[in-house]
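Heads up, the thing below is written out as structure tokens.
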Amino acid sequence: MKDRIRVLIAKPGLDGHDRGAKVVAKALRDAGMEVIYTGLRQTPEQIVKTAIQEDVDLIGLSILSGAHMNICSKLLKLMKENGIENIPVFVGGIIPPDDAEELKKMGIKEVFGPGTPLSVIVEKIKQLFSEVGS
Amino acid sequence: MKDLLEKMKNGDIKSLAKLISYLENNPEDRFVDELPSKGAKVIGFTGSPGAGKSSLVNAVISELRKEGFKVGVIAIDPTSPFTGGAFLGDRIRMKSHFLDDSVFIRSMGSGSSLGGLNESIFDVIKLMDAFGFDYILIETVGAGQSEVDIVYVSDIVVLVLSPGTGDEIQFLKSGIMEIGDIYVINKSDLEGADYYKSRLESILSLSDIRKPIIKTVATTGKGVKELVFEIKQLLDKFQKNGEIKKRLERRIKKHAESILVRKIQKSMEEINETENLSKLINMVIDNICKNK
Ligand SMILES: Nc1nc2c(ncn2[C@@H]2O[C@H](COP(=O)(O)OP(=O)(O)OP(=O)(O)O)[C@@H](O)[C@H]2O)c(=O)[nH]1
Ligand SMILES: [Mg+2]
């Protein structure tokens, strides 16, 4: 019945580099997914509203600014308040291993460091999707 | 599903969003046919890639919001025919409305249907109408033939052009020129806008088309008030002269056609007859009559 995966790729934080986010977005598209791309400087509030309106199955964040802890905890809290905490969130960017552990404890489902092969990202995301079993 | 519908009727955005997905995945379920129309005005925006359709939709939303209208947007980008995937990026230009609860933006892939518009768009419009938006703005993909289908879903079509592209000749060839009810020359801050306008006027006079031409700068909002005024005027005129009704009837027929075509395609896939053409056709008709 539902085979199409909808993914929101957002770029929170103040840094202006969205190349990585676009590369991942294109890879997901080429893997047959619908990628909603919202560009730079998204606040957690904007991400949550977009995720609701677009009824996405997954949310991916690209964070290079170093503010990942703050952004992710805010986002997860807002998602809960809005009753969409069931949507898996994954993060890509420059994230130290210790922080990655923390993020996962917090509820982030996957953390992709720089240089993660795109094929790995695609597979993980498909897996995450099948786990929530929409 | 019933539950979602109840909640949607009470104004719940999340339920509306979920129902749209449901419609996209279950085109056979015709529950939307039972929903009453609340008279939303449907405005289509089409034009070549990069002409500024999303930016213009963004600016039009701002204008409509000033007047307190509730606005729904359907933004369509191409679905890859090879992978079925899509990069839906129109939203990037509409950020200023993300936090406004009276604005609902939904991105859609163009899907695999021949006409380029996602087939479920007919149902999604009905749903958004029933939800209670005053205006539904639709942005089409910016390439090829598909623009033509926008006339089947809209009350009014705005054709977005931009100077220096030489599109008007292409449009003239493909018949896209005819589908616009209002022409917008966007990016009129760029050089050549006036020259472009006079060329457009002379091309249009060749075919005796008399339609409003409006210059805009979507990124600053210049000319957008005039555009919205023109849209309303035309809606009013079309309401009075019966054009809206005519277009609605055309929409219903096209919708029925798209459902029937899908049924035929599905039935064809199930039949293994390739020897005799008339036999194949009769089998398909039989199957459909049995409502399989
Ligand atoms: N100078 C100028 N640039 C504009 C104007 N309107 C849009 N743009 C720019 O043109 C580019 C394309 O704008 P979009 O609104 O994305 O165009 P589009 O027609 O929606 O593009 P597709 O959906 O990809 O076909 C962006 O970089 C805009 O900032 C305008 O009035 N003047
Ligand atoms: Mg666009």
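Order of the sequence lines sets the chain letters (A, B, ...), proteins ahead of strands, with each chain counted from 1.
- Once rounded to the nearest 0.5 Å, the distance linking OG1 of A/Thr50 with CZ of B/Arg91 reads 4.0 Å.
- Here A/Met33 contributes atom CE and B/Phe87 contributes atom CZ; the two are 14.5 Å apart, rounded to the nearest 0.5 Å.
- Within the 4.5 angstrom heavy-atom criterion, atoms from both the backbone and the side chain of B/Ser107 approach chain A.
- With rounding to the nearest 0.5 Å, the separation of NZ in A/Lys49 from CZ in B/Phe98 is 12.0 Å.
- Note that CD of A/Glu45 is 6.5 Å distant from CG of B/Leu99, once rounded to the nearest 0.5 Å.
- Residue B/Arg30 places its CZ atom among more than 12 non-hydrogen atoms of other residues, nucleotides or ligands, all under 6.0 Å distant.
- Most heavy-atom pairs under 4.5 Å with chain B, from the set A/Thr38, A/Val7, A/Leu28, A/Ile9: that is A/Thr38.
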Distance-only donor-acceptor pairs under 3.5 Å for side chains of residues 102-126 of chain A, two or more places apart:
{"unit_1": "A/Thr116", "atom_1": "OG1", "unit_2": "A/Gly113", "atom_2": "N", "d": "3.2"}
{"unit_1": "A/Thr116", "atom_1": "OG1", "unit_2": "A/Gly113", "atom_2": "O", "d": "2.6"}

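- The part of B/Val103 that comes within reach of chain A is its backbone (N, CA, C, O), which places non-hydrogen atoms under 4.5 angstrom from that chain.
- Residues B/Met108 and A/Glu34 have side chains not in contact (no heavy-atom distance under 4.5 Å, counting atoms from C-beta outward).
- Note that the CG atom of A/Leu40 and the NZ atom of B/Lys95 stand 5.5 Å from one another [nearest 0.5 Å].
- Only the side chain of B/Asp101 comes within less than 4.5 Å of a heavy atom in chain A; its backbone stays farther off.
- Counting heavy-atom pairs under 4.5 Å between each of A/Ala25, A/Gly39, A/Ala31, A/Gly32 and chain B puts A/Gly32 at the top.
- At a heavy-atom cut-off of under 4.5 Å, chain A is reached by B/Ile13, B/Lys14, B/Ala17, B/Lys18 from residues 1-19 of chain B, listed in order of number.
- Remark: side-chain polar atoms of B/Arg106 are paired, donor with acceptor, to backbone N or O of A/Gln53 under 3.5 angstrom.
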